[in-house]
Amino acid sequence: MAWFRTDDTLHSHPKARRAGLEAMGLWCLCGSWSMQYKTDGFVPEWFAHDFPRGRKLAQSLIASGLWHNGTRDGEVGYQFHDWLDIQPSSDEIERDRERNRERQRAWRQRLREGKKDDPA
């Protein structure tokens, strides 16, 4: 499972304070959505605007520097500022998931062969 990471100083960061509590709620939910769907910090307009006052809150996030206007595959939306400096990329997530699948396959194979202890 991939996690949307937030800094433990977010509560006092000037950008978050400027954006306001309600906009930061949208920021958090959109960050979780982006991580789940591995969009590397892109949030389509339709998703952000579907929340009450979503359009206005998105503008607050842009004005504070937490988001930028963006497009992905021709779809208009918003891009988290410096997403890849903080969050793992979709490629990294998939690479980690594949490593975990391989480790699980090897463990199950060892069990089938009667070798329960981990070689590592």
Side-chain angles (χ1 to χ4, degrees):
M1 175 185 299
W3 298 87
F4 174 60
R5 300 173 181 165
T6 59
D7 189 293
D8 61 357
T9 63
L10 178 65
H11 65 279
S12 61
H13 194 284
K15 289 180 180 181
R17 301 292 294 182
R18 274 194 306 271
L21 187 59
E22 193 176 8
M24 291 308 298
L26 179 66
W27 181 87
C28 184
L29 292 175
C30 288
S32 171
W33 184 91
S34 181
M35 187 58 77
Q36 178 184 8
Y37 292 101
K38 297 179 295 194
T39 66
D40 291 334
F42 177 77
V43 179
E45 262 188 2
W46 65 263
F47 184 77
H49 293 181
D50 193 44
F51 289 95
R53 298 174 15 95
R55 185 181 306 270
K56 181 175 174 118
L57 296 172
Q59 291 308 309
S60 294
L61 292 169
I62 290 171
S64 68
L66 290 167
W67 279 2
H68 308 285
N69 287 308
T71 58
R72 180 178 169 147
D73 300 327
E75 185 170 24
V76 176
Y78 307 101
Q79 180 65 46
F80 273 75
H81 177 71
D82 290 342
W83 178 270
L84 295 176
D85 291 346
I86 300 163
Q87 311 297 337
S89 71
S90 58
D91 290 341
E92 290 169 320
I93 292 168
E94 282 306 309
R95 185 187 65 233
D96 291 346
R97 287 179 179 172
E98 182 57 31
R99 272 193 231 143
N100 289 336
R101 284 189 290 268
E102 283 301 318
R103 189 180 68 245
Q104 187 71 22
R105 281 186 205 108
W107 182 78
R108 289 179 179 148
Q109 183 64 35
R110 285 192 308 275
L111 281 180
R112 282 192 290 276
E113 295 169 355
K115 302 173 186 173
K116 292 184 182 177
D117 37 338
D118 190 25

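Basis for what follows: all heavy atoms, side chains included, without hydrogens, waters or symmetry-related copies.
Note on Ile86 and Leu61: separate hydrophobic clusters, where clusters join Ile, Leu, Val, Met, Phe, Trp and Tyr whose side-chain heavy atoms are under 4.5 Å apart, directly or indirectly. Leu26 and Val76 sit in two unconnected hydrophobic clusters of ILVMFWY residues. Membership requires side-chain heavy atoms under 4.5 Å apart, directly or through other members.
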Under the side-chain hydrogen bond (donor to acceptor under 3.5 Å, both in side chains) rule, what do Asp91 and Ser89 come out as? Steps first, then yes or no, please. CA-CA 5 Å; Asp91 290 341; Ser89 71; 5.0 Å; no
How far apart are the C-alpha atoms of Phe42 and Glu75, what are their side-chain angles, what is the distance that settles it, and do they pass the side-chain contact (heavy atoms from CB on, under 4.5 Å) test? CA-CA 10 Å; Phe42 177 77; Glu75 185 170 24; 4.3 Å; yes
For Phe51 and Leu57, run side-chain contact (heavy atoms from CB on, under 4.5 Å): C-alpha distance rounded to whole Å, both residues' side-chain angles, the deciding distance at 0.1 Å, then the answer. CA-CA 9 Å; Phe51 289 95; Leu57 296 172; 5.8 Å; no
So Arg18 and Lys15, side-chain contact (heavy atoms from CB on, under 4.5 Å) or not? Walk me through it. CA-CA 5 Å; Arg18 274 194 306 271; Lys15 289 180 180 181; 3.5 Å; yes
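Within the model, atoms OG of Ser34 and CH2 of Trp27 stand 11.0 Å from one another, a figure rounded to the nearest 0.5 Å. In this structure, the separation between CD on Gln79 and CG on Asp40 is 7.5 Å, given to the nearest 0.5 Å. Once rounded to the nearest 0.5 Å, the distance linking CH2 of Trp67 with SG of Cys30 reads 4.0 Å. Here His13 contributes atom NE2 and Ser64 contributes atom OG; the two are 9.5 Å apart, rounded to the nearest 0.5 Å. Taking OG from Ser12 and CG from Asp7, the interatomic distance works out to 8.5 Å, rounded to the nearest 0.5 Å. In this structure, Asn69 CG and Glu45 CD are separated by 8.0 Å, a value rounded to the nearest 0.5 Å.
Between Phe4 and Trp83, the angle of the ring planes stays under 30°, which puts this pair in the parallel group of the 30/60° scheme.
For the residue pair Gln109 / Arg112, a side-chain donor-acceptor distance below 3.5 Å is found, with atom types taken as modelled.
Closest approach of Ala19 to Met24, counting heavy atoms only: CB-SD, 4.0 Å. Nearest heavy atom pair, residue Trp33 against residue Val43, reads CZ3-CA, 4.4 Å. For the residue pair Leu29 and Phe47, the shortest heavy atom distance occurs at O-CE2, 4.3 Å.
When the shell of 6.0 Å around CZ of Arg17 is examined, it contains 12 or fewer heavy atoms from other residues, nucleotides or ligands. The 12-atom threshold is not exceeded at CZ of Arg55, counting heavy atoms of other residues, nucleotides or ligands nearer than 6.0 Å.
Salt-bridge check for Arg105 with Glu98: passed, with a basic side-chain N closer than 4.0 Å to an acidic carboxylate O.
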